[in-house]
Amino acid sequence: MKVSCTYGPDGISCTPVGEDAEMAEELDVDLAHDELPDPEAEALEKMRADIAALTDEVNRLRKELEKNG
C-alpha cells in the first residue's frame, strides 16, 4: 500500500494515496492504527492493579496479625 506520512505534534499521520486511497475509501478502512486496542498494555495494567490489591491485602493481614499477636 502506498501511503503519505506527515509528522506533527500528535505523532505520525499516514494516509493512503493513489489507487490505494480509492480502495481504502471503497472498503471504508479506518487507518488509525494508533487508536487500536493494545491487549498487552491492558494485560499489564490489569496485573498492576492486581499487584496493588494483593499488596493492600498483605499489609492489612500483617496489621491484623500484629494487633492479635
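Heads up: numbering here begins at 1 and tracks the sequence. FYI, side chains are in, hydrogens and waters are out, and symmetry mates aren't considered; it's all heavy atoms of this structure.
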*Which value, rounded to the nearest 0.5 Å, describes the distance between Thr55 atom OG1 and Asp50 atom CG?*
10.5 Å
_Counting only heavy atoms from other residues, nucleotides and ligands, does the tally under 6.0 Å from CD of Glu40 exceed 12?_
no
Show the atom names and distances, to 0.1 Å, of all donor-acceptor pairs under 3.5 Å that link a side chain in residues 62-69 to residues at least two apart or in another chain.
unit_1: Glu64; atom_1: OE1; unit_2: Arg60; atom_2: NH1; d: 3.0
unit_1: Asn68; atom_1: ND2; unit_2: Glu64; atom_2: O; d: 3.4

